[in-house]
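Below: the structure, in structure tokens.
All values derive from a computational prediction rather than experimental measurement.
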Amino acid sequence: KTVLGMTDPIVLTFHDVSLRQSDVELLDGLNWLNDNVISYFYETLTFDKFKDYQSDLLFMHPASLFMSNFVETADELREILSALHMESKKHIFMPINNNTDANSTGGSHWGLMVYHKESNTLEYYDSLPKGNRASAMKIAEKVWPLFGAPTQPPFEVRESPQQKNGSDCGVYVLAVSEHLAKMYTGASNDSLTSVVTPDLVTQLRNTIKEGILERKLLAGGRASVFSLRKKKN
């Protein structure tokens, strides 16, 4: 085993995402979520909660969007992302990070961009007032030719629930993504801002972690691989 394997074991593999113990621990407290946790949640949306809508909804992994920063042409990007069949999707969810350095990881903020085929629009949701708008617009320029759109879609900033701290931006992206998907599939008529609240975001951290434990147990793993630390009041 490598040093990484011994000190940071894989807790769960779900479709294309392998979560390590360090990833799961980011769900505790007020930690900033990384690409891997966001990709895992998007896999659960794709293959569980909205499994009957896979032909309509696409939840893109952050790594695919990050890659677009370093691809020169639309044809090259189209070849790389061809397996996603973006041109056939009705709604495409794109988590936007403000890191554009190929030699570093992380970034400091997450936002959400969503493409709608019927209206040919790009909507942008951000839990901070200034946020990642510039990063989103840059990525939009790269990816829109892959949508099969007749013309370049307009970029529209939409009202979004606002975070109350400096670390929940990633959780807001997940919560907003899930509720918008419910709205698009007719599962909810409630407004985004009425549903995605600070309390829901806090609970979502726990819900995701509990779901990881359940999947681990169903897969025959040991619950003791990681701890479900309860938040202290």
Side-chain angles (χ1 to χ4, degrees), residues 23 26-27 29-42 45 57-71 77 86 91-116 119-144 146-147 149 152-184 190-205 208:
D23 297 323
L26 294 176
L27 293 163
L30 293 175
N31 292 305
W32 190 85
L33 300 190
N34 64 8
D35 294 32
N36 225 25
V37 176
I38 289 176
S39 295
Y40 165 76
F41 187 77
Y42 267 22
L45 296 182
L57 307 179
L58 174 62
F59 298 93
M60 292 185 69
H61 289 195
S64 298
L65 294 161
F66 180 68
M67 185 191 312
S68 70
N69 289 303
F70 313 104
V71 175
L77 187 61
M86 297 171 69
H91 307 283
I92 302 176
F93 295 78
M94 294 166 276
I96 305 296
N97 189 275
N98 60 356
N99 179 30
T100 57
D101 184 355
N103 297 313
S104 68
T105 59
S108 61
H109 187 60
W110 291 103
L112 176 67
M113 185 165 65
V114 185
Y115 174 67
H116 302 287
S119 60
N120 190 35
T121 56
L122 277 166
E123 296 179 353
Y124 182 66
Y125 298 86
D126 204 307
S127 57
L128 288 178
K130 295 182 179 180
N132 282 357
R133 189 182 307 182
S135 298
M137 294 179 72
K138 182 178 179 181
I139 289 178
E141 288 286 338
K142 290 289 189 73
V143 300
W144 81 263
L146 281 63
F147 299 156
Q152 183 171 358
F155 184 92
E156 302 175 356
V157 178
R158 293 301 176 93
E159 182 182 9
S160 180
Q162 298 294 287
Q163 65 191 82
K164 304 300 182 183
N165 54 49
S167 56
D168 270 343
C169 54
V171 194
Y172 271 86
V173 165
L174 303 184
V176 170
S177 297
E178 181 174 6
H179 188 67
L180 288 177
K182 287 180 179 179
M183 294 173 67
Y184 303 154
D190 296 325
S191 70
L192 181 63
T193 53
S194 69
V195 172
V196 180
T197 63
D199 286 343
L200 180 137
V201 167
T202 297
Q203 182 57 43
L204 183 57
R205 285 182 178 268
I208 296 171

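The shortest non-hydrogen separation linking Phe147 to Met94 is CZ-CE, 3.9 Å. The shortest non-hydrogen separation linking Leu192 to Met183 is N-SD, 4.5 Å. Closest approach of Ala140 and Phe155 over heavy atoms only: CB-CD1, 4.5 Å. Residues Leu26 and Asn31 approach most closely at O-CB, 3.1 Å, considering heavy atoms. Nearest heavy-atom pair, Gly170 versus Leu33, reported as atom, atom and distance to 0.1 Å: C-CD1, 4.0 Å. The heavy-atom pair separating Ser127 from Gln162 by the smallest distance is O-OE1, 3.2 Å.
Using a 4.5 Å heavy-atom threshold, the side chains of Met113 and Met137 count as separate. Taking the side chain as every heavy atom from C-beta outward, Ser177 and Val173 approach each other to under 4.5 Å. Side-chain contact check for Phe41 versus Glu178: some heavy-atom pair is nearer than 4.5 Å. Using a 4.5 Å heavy-atom threshold, the side chains of Pro161 and Thr197 count as separate. Residues Leu77 and Val143 form a side-chain contact, since some pair of their non-hydrogen atoms from C-beta on lies under 4.5 Å apart. Side-chain contact check for Tyr172 versus Ser160: every heavy-atom pair is 4.5 Å or farther apart. In this structure, Leu122 and Glu156 have side chains that are not in contact, with every pair of non-hydrogen atoms separated by 4.5 Å or more. Residues Leu45 and Phe93 fail the side-chain proximity criterion, which asks for heavy atoms closer than 4.5 Å.
In this structure, the side chain of Ser167 engages the main chain of Leu30 through a donor-acceptor pair within 3.5 Å. When atom types are taken as modelled, the side chain of Asp168 and the backbone of Gln163 share no donor-acceptor pair closer than 3.5 angstrom. Distance alone, capped at 3.5 Å, places no donor-acceptor pair between the Glu123 side chain and the Thr121 backbone. A donor-acceptor pair is defined here as one N or O able to donate and one able to accept, closer than 3.5 Å; such a pair exists between the side chain of Thr202 and the backbone of Pro198. Distance alone, capped at 3.5 Å, is enough to place a donor-acceptor pair between the Asn132 side chain and the Ile96 backbone. Lys138 contributes no side-chain N or O that, together with a main-chain N or O of Asn69, makes up a donor-acceptor pair within less than 3.5 Å. Side chain of Ser194 to main chain of Asp190: no donor-acceptor pair is present (N/O by atom type, distance under 3.5 Å, no hydrogens or angles).
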**Message:** Run Tyr40 and Asp23 through side-chain contact (heavy atoms from CB on, under 4.5 Å) and show every step you take.
**Reply:** CA-CA 10 Å; Tyr40 165 76; Asp23 297 323; over 6 Å; no
**Asked** Under the side-chain contact (heavy atoms from CB on, under 4.5 Å) criterion, do Met86 and Leu58 qualify, and how do the steps go?
**Response** CA-CA 8 Å; Met86 297 171 69; Leu58 174 62; 3.7 Å; yes
**Request:** Report the C-alpha distance between Val201 and Leu204 in whole Å, list the side-chain angles of each, state the deciding distance to 0.1 Å, and finish with yes or no for side-chain contact (heavy atoms from CB on, under 4.5 Å).
**Result:** CA-CA 5 Å; Val201 167; Leu204 183 57; 5.5 Å; no
**Message:** Show, in sequence, the C-alpha distance, side-chain angles and deciding distance for Arg158 and Tyr124, and conclude whether the side-chain contact (heavy atoms from CB on, under 4.5 Å) test is met.
**Reply:** CA-CA 6 Å; Arg158 293 301 176 93; Tyr124 182 66; over 6 Å; no
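Between the side chains of His109 and Asp126, at least one donor N or O sits under 3.5 Å from an acceptor N or O. Using modelled atom types and a 3.5 Å distance limit, the side chains of Asp35 and Asn97 yield no donor-acceptor pair. A donor-acceptor contact closer than 3.5 angstrom links the side chains of Tyr115 and Asn120.
Under the 30°/60° scheme for interplanar angles, the aromatic rings of Phe59 and Tyr42 are found to stand perpendicular. The aromatic rings of Tyr184 and His116 sit perpendicular, their planes meeting at an angle over 60°, well past the 30° parallel limit.
Considering NE2 of His61 and OG of Ser39, their distance stands at 4.5 Å, rounded to 0.5 Å. The structure places CG of Leu57 at 10.0 Å from CD1 of Ile92, a figure rounded to the nearest 0.5 Å. Rounded to the nearest 0.5 Å, atoms NE2 (His179) and OH (Tyr125) are 10.0 Å apart. Taking CG of Leu128 as the start and SG of Cys169 as the end, the distance is 7.0 Å to the nearest 0.5 Å.
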